[in-house]
Amino acid sequence: MVVNKSNEQSISLAAEILNHGGVVILPTDTVYGFSAKSDINEADLKIRTIKGRSEAKPFIRLIAKPEDIYKYTNDKIPEDLIALWPGPLTIIVQDKLIPGITTAFRCPGDEWLKKIIELCDCPLYSTSVNRSGSPILQTIKSIISEFESEVDLIINGGDSLDSVPSTIVKIENDKIQLIREGAMDVSSFLK
């Protein structure tokens, strides 16, 4: 099923499908992403099966508010770094719920998307819309053609031509390390 982002029902419909364990393709403030609730065990496997992605590579988790990251980590995040949220920045931190594991979080800048995350009451998995190893799909036509039969819902937010994935940084031992250069310049934070 495909629904336009401008449809007044799009937020509630996406949240309902996600809350029932579905996989939804959502437009974000960077690229389109496969999304599912991070607190549903099968959700991770469903997205991996669709993408053909290995189990070793974790997904980014989208949160609704910058301060929500502190529900999941005890790491000290520089205030001027967290002030870049909402936006196209992913921060990898030690996960306080799963000791010894790191988790990547992003607070998107799109208010529409943040409302969906709030209705789901937990972070959403997010990973680019493509088959593993293939280019990210940037036109809604190619996304529908490739994945409509494999997901529960696609939200049409128009084409995302020339969009760039988020910048990814990792916080380790109070230092910030660049993992992937993307849509946000963080060079001033790198030491």
Side-chain angles (χ1 to χ4, degrees), residues 1-15 17-18 22-38 43 46-54 57-64 66 81 83-92 104-120 123-169 178-189:
M1 171 174 28
V2 179
V3 173
N4 288 333
K5 181 179 175 181
S6 60
N7 183 315
E8 62 185 33
Q9 308 271 317
S10 65
I11 291 172
S12 59
L13 180 60
I17 289 170
L18 290 163
V23 175
V24 178
I25 293 177
L26 298 173
T28 74
D29 51 345
T30 57
V31 297
Y32 274 86
F34 289 109
S35 291
K37 284 185 69 171
S38 64
K46 283 182 182 180
I47 295 173
R48 287 182 192 288
T49 300
I50 294 166
K51 273 189 76 103
R53 186 169 178 175
S54 77
K57 199 170 177 186
F59 297 133
I60 291 171
R61 295 177 188 207
L62 301 179
I63 54 178
L81 184 66
L84 297 175
W85 276 352
L89 173 67
T90 298
I91 303 173
I92 300 172
F105 292 94
R106 186 165 90 79
C107 181
D110 185 302
E111 291 300 322
W112 174 90
L113 180 54
K114 290 194 293 187
K115 287 176 186 169
I116 293 172
I117 299 166
E118 287 173 0
L119 288 172
C120 289
L124 295 181
Y125 286 132
S126 185
T127 182
S128 60
V129 176
N130 60 312
R131 303 283 180 198
S132 193
S134 297
I136 296 170
L137 298 179
Q138 295 184 318
T139 67
I140 193 65
K141 184 178 178 182
S142 62
I143 290 168
I144 292 168
S145 174
E146 183 76 20
F147 293 110
E148 184 178 17
S149 65
E150 297 180 63
V151 297
D152 299 292
L153 175 66
I154 296 172
I155 299 292
N156 176 1
D159 293 341
S160 61
L161 302 174
D162 302 321
S163 56
V164 178
S166 65
T167 296
I168 301 177
V169 297
L178 180 66
I179 303 298
R180 177 180 76 193
E181 198 167 328
M184 183 174 283
D185 179 11
V186 294
S187 55
S188 63
F189 292 94

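- Side chains of P27 and I155 form a contact here, defined as non-hydrogen atoms less than 4.5 Å apart.
- When atom types are taken as modelled, the side chain of T28 and the backbone of T30 share a donor-acceptor pair closer than 3.5 angstrom.
- Distance alone, capped at 3.5 Å, places no donor-acceptor pair between the E148 side chain and the I154 backbone.
- When atom types are taken as modelled, the side chain of Y32 and the backbone of G157 share a donor-acceptor pair closer than 3.5 angstrom.
- Panel note: side chain D152, backbone I17; no donor-acceptor pair is recorded below 3.5 Å.
- Figure legend: cation-pi geometry between R48 and F34 absent, as NZ or CZ is not positioned both under 6.0 Å from the six-membered ring centre and within 45° of its axis.
- In this structure, E118 places its CD atom where more than 12 heavy-atom neighbours from other residues, nucleotides or ligands lie under 6.0 Å away.
- Taking CD1 of I47 as the reference point, atom CD of E150 lies at 12.5 Å (rounded to 0.5 Å).
- Between the side chain of K141 and the backbone N or O of D159, no donor-acceptor pair lies under 3.5 Å.
- Nearest heavy atoms, V23 versus I50: CG1-CD1, 4.1 Å.
- Here CG of L119 is found 11.5 Å from CG of L13. Values are rounded to the nearest 0.5 Å.
- A heavy-atom distance below 4.5 Å is not found between the side chains of V169 and F189.
- In terms of heavy-atom proximity, P108 sits nearest to K114 at O-CD, 3.3 Å.
- Of all heavy-atom pairs between A104 and I92, the closest is CB-CG1, 3.7 Å.
- Under a 3.5 Å cut-off, the side chain of K37 and the backbone N or O of A43 do not form any donor-acceptor pair.
- Within the 4.5 Å cutoff, the side chain of L84 has heavy atoms near those of the M184 side chain.
- Going from atom OG of S38 over to atom CD1 of I60 covers 13.0 Å, rounded to the nearest 0.5 Å.
- Contact detail for V31 and P165: the closest heavy-atom pair is CG1-N, 4.1 Å.
- Taking all atoms of both residues into account, the shortest heavy-atom contact from A36 to G22 is CB-O, 3.8 Å.
- Among pairs with a residue in residues 127-146, none fulfils ring-ring contact (aromatic ring centres under 6.0 Å, His included), at least two apart in sequence or across chains.
- The OG atom of S35 sits 8.0 Å away from atom CD1 of I116, with the distance rounded to the nearest 0.5 Å.
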(Q) I'd like to know whether R180 forms a side-chain contact (heavy atoms from CB on, under 4.5 Å) with T167, so could you lay out the CA-CA distance, the side-chain angles of the two residues, the decisive distance to 0.1 Å, and finally the verdict. (A) CA-CA 5 Å; R180 177 180 76 193; T167 296; over 6 Å; no
Q) Are N4 and S6 close enough, and set up right, to give a side chain to side chain donor-acceptor pair (under 3.5 Å), and what steps lead you there? A) CA-CA 5 Å; N4 288 333; S6 60; 4.7 Å; no
**Q.** side-chain contact (heavy atoms from CB on, under 4.5 Å) assessment of V151 paired with V24
**A.** CA-CA 6 Å; V151 297; V24 178; over 6 Å; no
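- Using a 3.5 Å distance cut-off with no hydrogens or angles, the side chains of S187 and D185 do pair a donor with an acceptor.
- With rounding to the nearest 0.5 Å, the separation of CD1 in I143 from CG in L137 is 5.5 Å.
- Closest non-hydrogen pair, F147 versus N130, comes out as CZ-C, 3.8 Å.
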Q. Would L18 and L153 count as a side-chain contact (heavy atoms from CB on, under 4.5 Å) if you check the C-alpha gap in whole Å, the side-chain angles of each, and the deciding distance to 0.1 Å?
A. CA-CA 9 Å; L18 290 163; L153 175 66; over 6 Å; no
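- Checked by atom type and distance alone, the side chain of S166 never pairs as donor or acceptor with a backbone atom of L89 at under 3.5 Å.
- To the nearest 0.5 Å, atom CH2 of residue W85 and atom OG1 of residue T90 are 7.5 Å apart.
- Residues forming a side-chain hydrogen bond (donor to acceptor under 3.5 Å, both in side chains) with D110 (at least two apart in sequence, or on another chain): K5.
- Judged by distance alone, with hydrogens and angles left aside, the side-chain atoms of R106 form no donor-acceptor pair with the main-chain N or O of P86 at under 3.5 Å.
- Without hydrogens or angle criteria, N7 side chain to Q9 main chain gives a donor-acceptor distance under 3.5 Å.
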